[in-house]
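Whatever order the structure lists them in is the order used to number ligands and atoms, beginning at 1.
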Amino acid sequence: APRIAQFKLVLLGESAVGKSSLLLRFARGVYEDNRESTIGAAFLAQNVRLEPDLVVRFEIWDTAGQERYKALAPMYYRNANAALVVFDLLSQESLARAQSWVRELRVQADDGIIIALVGNKLDLLNQLKAESPNSSGKIGISEDAKSYAAEAGLLYYECSAKTGENIEAVFKGVAEKMPIN
Ligand code: GTP
Ligand code: MG
């Protein structure tokens with residue numbers, strides 16, 4: 001039997017950026033166009049095979065992004081080994097919210113926490129680029145996020161829960177950073 005290394009992972013980010021959608025795409029391979037907003041938080045465990053005989057088991061807390069649940073977040077990121085801080089690639093405001101989550105994690109979460117900044121809804125960004133390649137505004141959010149992640153020393157991914165593009169890479173990338181000994 002493979003060795004199983006277990007870690008706690010938390011999903012944070014503004015409401016409607018697609019946290020639940022990207023988790024369900026990853027764990028269940030499904031996607032719904034009109035998901036209901038998460039109430040409180042949801043829990044799910046999912047394995048990532050890193051090597052033939054090594055499995056990383058993530059115990060995942062999918063938090064609710066609505067402002068009224070904000071005070072609950074510390075319960076979920078406490079003792080977390082990893083955080084996916086998600087934003088919508090077409091929403092500057094959601095990137096600002098993600099940056100504020102990163103600041104909070106840096107102060108309140110475990111020192112060794114691995115943080116990945118994850119831009120979701122890549123399908124919509126690609127669509128916008130195809131339709132209006134010269135409209136710099138919303139397309140530029142991705143560039144801002146990328147340079148912020150580099151400066152802040154975060155992993156950075158762009159993905160689409162809708163198409164599934166890059167979803168595996170997010171969890172695989174984070175799994176590879178886990179302190180397995
Ligand atoms: P809260 O639970 O309120 O914090 O929101 P959330 O971050 O979990 O967002 P959720 O997964 O519920 O998705 C919000 C909406 O965005 C839903 O209608 C999804 O169908 C849509 N959505 C999520 N991911 C994508 C994506 O990759 N592309 C597109 N086009 N829509 C997406
Ligand atoms: Mg949700």
Side-chain angles (χ1 to χ4, degrees), residues 8-46 58-78 80 82-105 108-109 115-133 135 137-146 148-149 154-174:
K8 178 178 172 184
L9 182 150
V10 64
L11 285 153
L12 295 165
E14 190 172 76
S15 182
V17 296
K19 298 178 296 297
S20 301
S21 298
L22 79 85
L23 180 56
L24 290 174
R25 166 64 77 185
F26 168 64
R28 306 275 182 262
V30 298
Y31 174 80
E32 293 166 17
D33 257 323
N34 288 298
R35 278 205 59 76
E36 281 177 26
S37 196
T38 304
I39 295 167
F43 176 83
L44 196 154
Q46 181 66 25
F58 282 126
E59 313 226 287
I60 304 169
W61 285 101
D62 172 22
T63 66
Q66 289 179 35
E67 202 55 33
R68 70 182 113 133
Y69 298 113
K70 192 187 178 317
L72 299 178
M75 286 202 310
Y76 300 107
Y77 64 65
R78 184 178 305 139
L84 304 185
V85 179
V86 185
F87 70 101
D88 173 341
L89 283 161
L90 295 184
S91 162
Q92 187 77 58
E93 189 197 314
S94 77
L95 175 58
R97 187 70 192 91
Q99 291 169 323
S100 114
W101 278 121
V102 171
R103 284 191 294 273
E104 179 168 339
L105 288 171
Q108 308 273 4
I115 306 175
L117 182 65
V118 179
N120 186 40
K121 310 198 183 183
L122 183 57
D123 58 296
L124 295 180
L125 176 60
N126 287 339
Q127 195 182 324
L128 184 67
K129 278 180 176 166
E131 283 164 6
S132 44
S135 75
K138 287 201 164 185
I139 292 174
I141 297 169
S142 162
E143 295 309 316
D144 291 350
K146 229 172 279 179
Y148 165 72
L154 312 173
L155 296 174
Y156 181 74
Y157 296 94
E158 294 182 349
C159 65
S160 168
K162 182 166 185 166
T163 66
E165 184 177 1
N166 248 353
I167 297 288
E168 290 276 339
V170 174
F171 289 88
K172 188 103 193 287
V174 173

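With values rounded to the nearest 0.5 angstrom, L90 atom CG is found 9.5 Å from L122 atom CG. To the nearest 0.5 Å, atom OG of residue S160 and atom CD of residue Q127 are 10.5 Å apart. Atom-to-atom distance recorded for L117:CG and Y157:OH is 11.5 Å, nearest 0.5 angstrom.
None of R97, K121, K138 except one satisfies the salt bridge (charged side-chain N to carboxylate O under 4.0 Å, His left out) rule with D88; the exception is K121.
Within the 4.5 Å cutoff, the side chain of V174 has heavy atoms near those of the L155 side chain.
The Mg ion (ligand 2) has S20 OG, T38 OG1 as protein N, O or S atoms under 2.8 Å away.
Legend: residues meeting ring pair (Phe, Tyr, Trp, His ring centres under 6.0 Å) with F171, ordered by chain and number and at least two apart, are F26.
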Enumerate donor-acceptor pairs with a distance under 3.5 Å from any side-chain N or O in residues 11-19 to protein atoms, sequence neighbours excluded.
unit_1, atom_1, unit_2, atom_2, d
K19, NZ, G13, O, 2.9
K19, NZ, E14, O, 3.0

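Near ligand 1, E14, S15, A16, V17, G18, K19, S20, S21, Y31, E32, D33, N34, R35, S37, T38, A64, G65, N120, K121, D123, L124, S160, A161, K162 each place a heavy atom less than 4.0 angstrom from the ligand.
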Given side-chain contact (heavy atoms from CB on, under 4.5 Å), test L44 with R28 step by step and report yes or no.
-> CA-CA 10 Å; L44 196 154; R28 306 275 182 262; 3.9 Å; yes
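Taking the charged nitrogens against the carboxylate oxygens, E67 and K70 have no contact shorter than 4.0 Å, which rules out a salt bridge.
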